[in-house]
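As C-alpha cells, the structure follows; a few thoughts come after it.
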Amino acid sequence: MADAQARGMEVCLGLTPTAAHWLEPQTAELERLTGHRVRSAYKLPGEPDVWPKADVIAVAPATFNTVNACALGLTRDFGVVAEGIGKGIPMVAMPCVNAAYAQHPQFERSVAELRRMRVRVLYGDDGFVPNPPGQGKPQEYPWHLFLGAVEEIVAAR
C-alpha cells in the first residue's frame, strides 16, 4: 500500500471476508493510512458509497477462489469486481496461488475468461509464477509488476 501511495495512487482497500478476519487487528490502522473505510461486504441499500469513483480496480494477491469467483461472476461476499466489469472500469489482477492450484483445469479457464473480459491478468511470464505447494515466498510477490500495470492503465486513460 505504501508503494502505491508513493506512486501517487489513492488506495481504497477491499478485502475478502477471510482476509478481513486475518487483518481485523490492523483495520483501524489501514483505514488511517488510506483515509477510507476498509470494505469486505456489500453496503446496505440506501447507504452512501464510502469510496471515491475508481479509475482502476486492482485485485491482488488474488487467491484461487478469488480468480475463479471473479471469472464466474460469483458475488456472494463482495461484488466490486463483477460490478466493475459491468461498468467498464479498467482492471488488473495478479494471482497468488501455488502450483497445485494452478494445475486445476478451472484456474486456467478462469484466467482466460478474465482476460476475455478485458481484465489484465498478470500471470505466467508477465506476472506471478506459482511456487510448489508449501514453498511460498511472500517477500518475492512481484508487487512492482502489479503497480506498474496499474500505472500503465491510468496513464492510458
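Using modelled atom types, no side-chain atom of Glu83 and backbone atom of Val80 make a donor-acceptor pair closer than 3.5 Å. Judged by distance alone, with hydrogens and angles left aside, the side-chain atoms of Tyr42 form a donor-acceptor pair with the main-chain N or O of Thr75 at under 3.5 Å. Using modelled atom types, one side-chain atom of Gln5 and one backbone atom of Leu33 make a donor-acceptor pair closer than 3.5 Å. Counting only distance, with no hydrogens or angles, the side chain of Glu31 and the backbone of Val38 share a donor-acceptor pair below 3.5 Å. Panel note: side chain Arg7, backbone Glu151; no donor-acceptor pair is recorded below 3.5 Å. Arg120 places no side-chain N or O within 3.5 Å of a backbone atom of Met91 that could act as its donor or acceptor partner.
Considering all non-hydrogen atoms of both residues, Lys43 and Asp49 come closest at CE-OD1, 2.9 Å. Shown here for Leu145 and Asp126, the closest heavy-atom pair between the two residues is CD1-O, 4.2 Å. Asn98 and Ala100 make their closest contact through OD1-N, 2.9 Å (heavy atoms, listed as atom of the first residue, atom of the second, distance). Nearest heavy atoms, Thr34 versus Met1: CG2-SD, 3.0 Å. The two residues Pro130 and Ala102 have their closest heavy-atom pair at CG-CB, 3.9 Å. Nearest heavy-atom pair across Asn68 and Ser110 is OD1-OG, 2.6 Å.
Atoms CE and CH2, from Met94 and Trp143 in turn, are 6.5 Å apart once rounded to the nearest 0.5 Å. Interatomic distance, Phe128 CZ to Phe146 CZ, rounded to the nearest 0.5 Å: 13.0 Å. Rounded to the nearest 0.5 Å, atoms CD (Glu113) and CD (Gln106) are 9.5 Å apart. To the nearest 0.5 Å, atom CD of residue Glu29 and atom CZ of residue Arg32 are 4.0 Å apart. Summarising the geometry, atom OG1 belonging to Thr18 is positioned 8.0 Å from atom CG belonging to Asn65; distances are rounded to the nearest 0.5 Å. Atom CG of Asn131 sits about 8.0 Å away from atom SG of Cys96, to the nearest 0.5 Å.
Under the 4.5 Å side-chain heavy-atom criterion for Ile, Leu, Val, Met, Phe, Trp and Tyr, Val129 and Leu147 are members of distinct hydrophobic clusters. If you chain together hydrophobic residues whose side chains sit under 4.5 Å apart, Ile85 and Ile153 never meet in one group. Under a hydrophobic clustering in which Ile, Leu, Val, Met, Phe, Trp and Tyr are joined whenever their side-chain heavy atoms come within less than 4.5 Å, directly or via other members, Val121 and Val92 fall into different clusters. In the hydrophobic clustering of this structure, Tyr141 does not group with Tyr123; members are Ile, Leu, Val, Met, Phe, Trp, Tyr whose side-chain heavy atoms approach within less than 4.5 Å, directly or through other members. Following chains of ILVMFWY side-chain contacts shorter than 4.5 Å, one can reach Ile57 starting from Met117, so the two form part of one hydrophobic cluster.
Put simply, the side chain of Val59 reaches to within 4.5 Å of the side chain of Val81, judged on heavy atoms. Contact of the Cys12 side chain with the Pro52 side chain is registered, since non-hydrogen atoms from C-beta on lie closer than 4.5 Å. Counting only heavy atoms from C-beta outward, the side chains of Arg39 and Leu15 never approach each other to under 4.5 Å.
Within a 6.0 Å sphere centred on OH of Tyr101, other residues, nucleotides and ligands contribute 12 heavy atoms or fewer.
Judged by a 6.0 Å distance limit and a 45° cone about the ring axis, Arg37 is not positioned over the six-membered ring of Trp51.
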Report the C-alpha separation of Thr16 and Thr66 in whole Å, then their side-chain angles, then the decisive distance to 0.1 Å, and conclude whether the side chain to side chain contact (heavy atoms under 4.5 Å, CB included) test is met. CA-CA 8 Å; Thr16 64; Thr66 297; 3.8 Å; yes
Run the numbers on Phe107 and Val97 for side chain to side chain contact (heavy atoms under 4.5 Å, CB included), then give the verdict. CA-CA 10 Å; Phe107 185 75; Val97 299; 3.8 Å; yes
Give the intermediate values and the outcome of side chain to side chain contact (heavy atoms under 4.5 Å, CB included) for residues His36 and Leu13. CA-CA 8 Å; His36 299 286; Leu13 188 57; over 6 Å; no
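The aromatic rings of His104 and Phe64 sit perpendicular to each other, their planes meeting at more than 60°, with 30° as the lower class boundary.
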